[in-house]
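Data first, discussion second: the structure below is written as structure tokens.
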Amino acid sequence: MELKLIANGADTGGGCASSGCGSPGDRLAHLPEPIRARVNNHPCFSEDAHHHYARMHVAVAPACNIQCHYCNRKYDCSNESRPGVVSELLTPDQAVRKVLAVAAAIPQMTVLGIAGPGDPLANPERTLETFRQLAAKAPDIRLCVSTNGLALPGMVDALCRHNIEHVTITINCVDPDVGVKIYPWIFWNNRRVTGRKASEILIEQQQKGLEQLVARGVLVKVNSVLIPGVNDSHLHAVSRVVKAKGAFLHNVMPLIAEPEHGTVYGLMGQRGPTSEELNAIQDACAGDMVMMRHCRQCRADAVGMLGEDRGEEFRLDKIADREIDYAAAMARRAEVQAAIEANRAAQRGQTGEAFVPVASLTRRRSGGSASRSVLMAVATTGGGVIDQHFGHAREFLVFEASPSDVRYVGCRKVDLYCAGGDTCGEAESALAKTIQALEGCEAVLCSRIGFEPWGALEAAGISPNGEHAMEPIESAIAEVYREMMETETWHSRSSRVA
Ligand code: CLF
Ligand code: SF4
């Protein structure tokens, strides 16, 4: 069996291995060219793209037309954001100004999304005006929107007229009996509708909107909030239904419910899922649907790569005096993005070389006995390479290596271990939390690591590894996995001989 390097999410699609097209490391190769072109630089619709490209959101949509039990209107929409955060609300003009400023400063920012702080389609004028201006002024930026779906069917024409090619619908259920436990009411035809009827209408609108978008060739991602005991056993059915209707990608996100957020779930003590529960549901749904596993539940005014938030740098007061020559910026953006693509192609070449021999080496040298899977965590700032100091990581990407593949399985957020200055007193507890967050991982790959965390990780049974700095992530993991399996095989043979 050859070792395939597989990323989850849209990149695995309909089975690259069987299509035989493209280089082994080219994970979008199975997609038809027009679709491939649309996801190649969208950091949410392609797991691989999120290592290289950034997105930004503008918070132009304050109102919402439904109530979810995991939402408190003081904060951003939790259907596409981490709960408990508040964004800087902008007018469409202010939003456009901000987008141009960010696009000029961050040339790898390829996608502008509107995801709140309420529901973008419950604020149609503000949302569409922002899109209209951007389509005219910044035609090189992809436009993306996220919605609860209630107003979607009436908006599909308008979205298509504004060149929106990527839409996210949050669908937590396809059964109103599950819906009543999530949605207390919706605002529909100028009145409030409650109970089962509210969920019936919402579900019908979501499904109708999904069908209409797919019929128009729009790529639809479905978000589902995993609520243990409420919709966990139901999400498989959601996946089946939305896949059958042509959704491109399914993103199962964990419920985050804390009493201090003031939400119904937070106050009633509804718990969120553990990472094991989340992974199990994602795996169960993956049989029916291509899964997104790299979501960071970003804020309604997020700016930057998915794992980072540079929003503070671009607050209105900070960009007020900035003169932006967007024609010049666009030329520079094209240059930088071409360099990124050249870099990706080069990485695919390197990955391709590591791709074939690893499994065969493992098999040949171990006599075929290496068969278990290993979780490994990686510190990276993006670019698809291992380039971050262990102590500077705010998150670790977790991959599962097995004899058949290396696949991305999720992201673990951590407190900054090494903040510099006078924070060393806090470092110890941050390190302990980081080690806890890495539970289940057997190795951590980073560019560098200090003596103290090295010892603490080893004591916790996690091997620190700084030998693959600046190497492509997946080929480095394949190499570490091969070494681990060889060592295990050697030990087991030695003990048999002894
Ligand atoms: Fe924004 Fe959403 Fe578009 Fe991406 S986010 S509107 S599809 S551009 Fe992405 Fe952020 Fe997850 Fe959303 S990581 S919360 S999936
Ligand atoms: Fe809150 Fe979003 Fe639900 Fe509206 S759709 S209630 S903003 S989580």
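The figures here come from the full heavy-atom set of this structure, side chains too, leaving out hydrogens, waters and symmetry mates. Keep in mind that this is a model prediction, so the values were computed, not measured. Each ligand, and each atom within it, is numbered from 1 in the order the structure gives.
Below 4.0 Å from some heavy atom of Leu306 lie the following atoms of ligand 1, by number and element: 13 (S). Of all atoms in ligand 2, numbered sequentially from 1 with element shown, those under 4.0 Å from a heavy atom of Cys71 are 1 (Fe), 6 (S), 7 (S), 8 (S). For ligand 2, the atoms sitting less than 4.0 Å from at least one non-hydrogen atom of Asn148 are 5 (S), numbered in the order shown with element in parentheses. Close approach to Cys64 involves these atoms of ligand 2, each under 4.0 Å from a residue heavy atom: 4 (Fe), 5 (S), 6 (S), 7 (S). Close contacts of ligand 1 with Cys144, meaning ligand atoms under 4.0 Å from a residue heavy atom, involve 3 (Fe), 6 (S), 7 (S), 8 (S). In summary, the atoms of ligand 2 found under 4.0 Å from a heavy atom of Cys68, numbered by their order in the structure, are 3 (Fe), 5 (S), 6 (S), 8 (S). Taking every heavy atom of Cys298 and a limit of under 4.0 angstrom, the matching atoms of ligand 1 come to 5 (S), 10 (Fe), 13 (S), 14 (S). Listed by atom number, the atoms of ligand 1 under 4.0 Å from Arg296 heavy atoms are 11 (Fe), 13 (S). Of all atoms in ligand 1, numbered sequentially from 1 with element shown, those under 4.0 Å from a heavy atom of Thr168 are 7 (S). Within ligand 1, the atoms closer than 4.0 Å to a non-hydrogen atom of Cys295 are 11 (Fe), 13 (S), 14 (S), 15 (S), numbered from 1 in the order shown. Annotation for ligand 1: atoms under 4.0 Å from non-hydrogen atoms of Val111 are 8 (S).
At distances below 3.5 Å, not a single donor-acceptor pair connects side-chain atoms of Thr130 with backbone N or O atoms of Pro92. Checked by atom type and distance alone, the side chain of Gln297 pairs as donor or acceptor with a backbone atom of Pro254 at under 3.5 Å. With hydrogens and angles disregarded, a donor-acceptor distance shorter than 3.5 Å links the side chain of Arg55 to the backbone of Gly304. The backbone N or O of Pro153 sits nowhere less than 3.5 Å from a side-chain atom of Gln205 that would complete a donor-acceptor pair.
Between Lys181 and Asp232 no salt bridge is recorded (no basic side-chain N to carboxylate O distance below 4.0 Å). With respect to Glu129 and Arg126, no salt bridge is recorded, no charged nitrogen being found less than 4.0 Å from a carboxylate O. Classification of Glu165 and Arg142 as a salt-bridged pair holds, one side-chain N sitting under 4.0 Å from a carboxylate O.
Between the side chains of Asn40 and Glu341, at least one donor N or O sits under 3.5 Å from an acceptor N or O.
Here the rule is side-chain contact (heavy atoms from CB on, under 4.5 Å) with Tyr183, and of Val178, Asn148, Leu202 only Leu202 fits it.
Not a single N, O or S atom of His294, from either the backbone or the side chain, sits less than 2.8 Å from atom 11 (Fe) of ligand 1. Contact annotation: Cys44 places an N, O or S atom under 2.8 Å from atom 9 (Fe) of ligand 1.
At least one heavy atom of His57 sits closer than 4.0 Å to an atom of ligand 1. The shortest heavy-atom distance from Met292 to ligand 1 is under 4.0 Å. Within the 4.0 Å heavy-atom shell around ligand 2 one does not find Asp119.
Within the 4.0 Å heavy-atom criterion, both parts of Ile66, backbone and side chain, lie near ligand 2. If you look at Lys221 next to ligand 1, the close heavy atoms, those under 4.0 Å, all belong to the side chain.
In this pair, His166 and Phe45 present their aromatic rings perpendicular. The plane angle is above 60°, beyond the 30 to 60° band.
Atom NE2 of His57 is separated from atom CZ of Arg299 by 11.5 Å, given to the nearest 0.5 angstrom.
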